[in-house]
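Please read the structure below before turning to the comments.
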Amino acid sequence: MSFNDRVYEIVRQIPEGKVLSYGQVACMAGSWRASRAVGYALHRNPYQGKVPCHRVVFQDGRLAKGFVFGGSGVQRQLLEAEGVRFTDEGCVDMGKCRWNP
DNA sequence: CGTCTGACACTTA
DNA sequence: TTAAGTGCCAGAC
């Protein structure tokens with residue numbers, strides 16, 4: 001079990017309508033500073049389709065600039081379809097949609 | 001094996 | 001408040 005696998009397992013457990021920040025995932029994985037590693041792990045995303053990487057956003061609730069799996073616009077569409085609230089600024093309502101068990 | 005880069009987060013100026 | 005700098009982990013060269 002590596003840090004990378006831990007990240008996948010955590011992201012995969014995110015319920016619909018909820019999102020997580022890179023820092024949050026990194027903290028659950030063991031190191032809150034490994035936010036970069038989290039982003040890179042999702043970038044490779046070997047479990048694409050099983051791991052909802054679109055539910056992982058910035059700490060502010062904003063989406064990545066140049067996403068790889070289809071574009072940030074697609075990510076917003078996916079999140080909206082799951083019930084995630086978006087502001088006019090294109091940010092997710094972390095106050096209500098942040099998955100915090 | 002050493003070095004650089006990258007879907008970030010946090011601190012300080 | 002905004003901007004810049006620093007630190008972390010994993011992968012690629």
Side-chain angles (χ1 to χ4, degrees):
Chain A
M1 182 66 78
S2 301
F3 180 88
N4 199 294
D5 296 325
R6 185 64 62 92
V7 173
Y8 295 134
E9 193 170 340
I10 293 167
V11 177
R12 192 178 56 172
Q13 291 173 32
I14 302 176
E16 295 181 359
K18 298 287 180 183
V19 295
L20 267 179
S21 62
Y22 290 94
Q24 195 76 43
V25 175
C27 187
M28 290 176 174
S31 302
W32 62 272
R33 304 171 238 222
S35 44
R36 296 195 81 136
V38 175
Y40 203 69
L42 295 174
H43 177 208
R44 299 193 321 119
N45 198 5
Y47 304 98
Q48 195 167 9
K50 298 175 185 171
V51 179
C53 33
H54 57 267
R55 286 180 194 155
V56 184
V57 297
F58 278 67
Q59 183 68 56
D60 297 339
R62 201 130 59 191
L63 306 179
K65 188 164 71 138
F67 239 67
V68 188
F69 64 85
S72 51
V74 177
Q75 186 180 16
R76 179 173 164 175
Q77 296 285 321
L78 291 168
L79 292 172
E80 281 186 321
E82 294 184 354
V84 178
R85 282 172 167 234
F86 267 83
T87 65
D88 293 343
E89 298 175 345
C91 301
V92 180
D93 191 343
M94 298 301 279
K96 293 182 170 85
C97 297
R98 187 178 60 166
W99 186 48
N100 194 350

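Just so it is clear, the model here is predicted, and its values are computed rather than measured.
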Candidate nucleotides C:dG7, C:dA10, B:dA9, ranked by approach to the side chain of A:Phe58 - the nearest: B:dA9
Distance, rounded to the nearest Å, where A:Leu42 contributes CG and C:dA10 contributes C1': 12 Å
Protein-nucleotide distance (A:His43, atom NE2; C:dG11, atom P), rounded to Å: 13 Å
Residues A:His54, A:Val74; criterion side chain to side chain contact (heavy atoms under 4.5 Å, CB included); working and verdict: CA-CA 9 Å; A:His54 57 267; A:Val74 177; over 6 Å; no
Whether A:Arg6 side chain and A:Gly30 backbone form a donor-acceptor pair below 3.5 Å: no
Residue whose closest nucleotide on DNA chain B lies nearer the 5' end, A:Ala37 versus A:Ser21: A:Ala37
Separation of atom CG in A:Asn4 from atom C1' in C:dA12, rounded to whole Å: 14 Å
A:Tyr8 OH to C:dG11 P, straight-line distance once rounded to whole Å: 8 Å
Whole angstrom value for the distance that separates C1' of B:dG6 from CG of A:Asn45: 16 Å
Closest-nucleotide ordering on DNA chain C, the 5'-leading residue of A:Ser35 and A:Phe3: A:Ser35
Name of the residue among A:Val11, A:Asn100, A:Ile10 meeting side chain to side chain contact (heavy atoms under 4.5 Å, CB included) with A:Leu20: A:Ile10
d(CG, A:Leu20; P, B:dC8) in whole Å: 16 Å
A:Arg44 CZ to B:dG6 C1', straight-line distance once rounded to whole Å: 13 Å
Shortest non-hydrogen contact from A:Leu63 toward A:Phe86: CD1-CE2, 3.9 Å
A:Tyr22 side chain, from C-beta outward: closest of B:dC8, C:dA10, C:dC8: B:dC8
A:Tyr40 side chain, from C-beta outward: closest of C:dC9, B:dA9, B:dG6: B:dG6
Main-chain N/O of A:Ala41 paired to A:Tyr8 side chain as donor or acceptor, under 3.5 Å: yes
Separation of atom CG in A:Asp5 from atom C1' in C:dA10, rounded to whole Å: 12 Å
Presence of donor-acceptor pair under 3.5 Å, side chain of A:Arg36 and base of C:dG7: yes
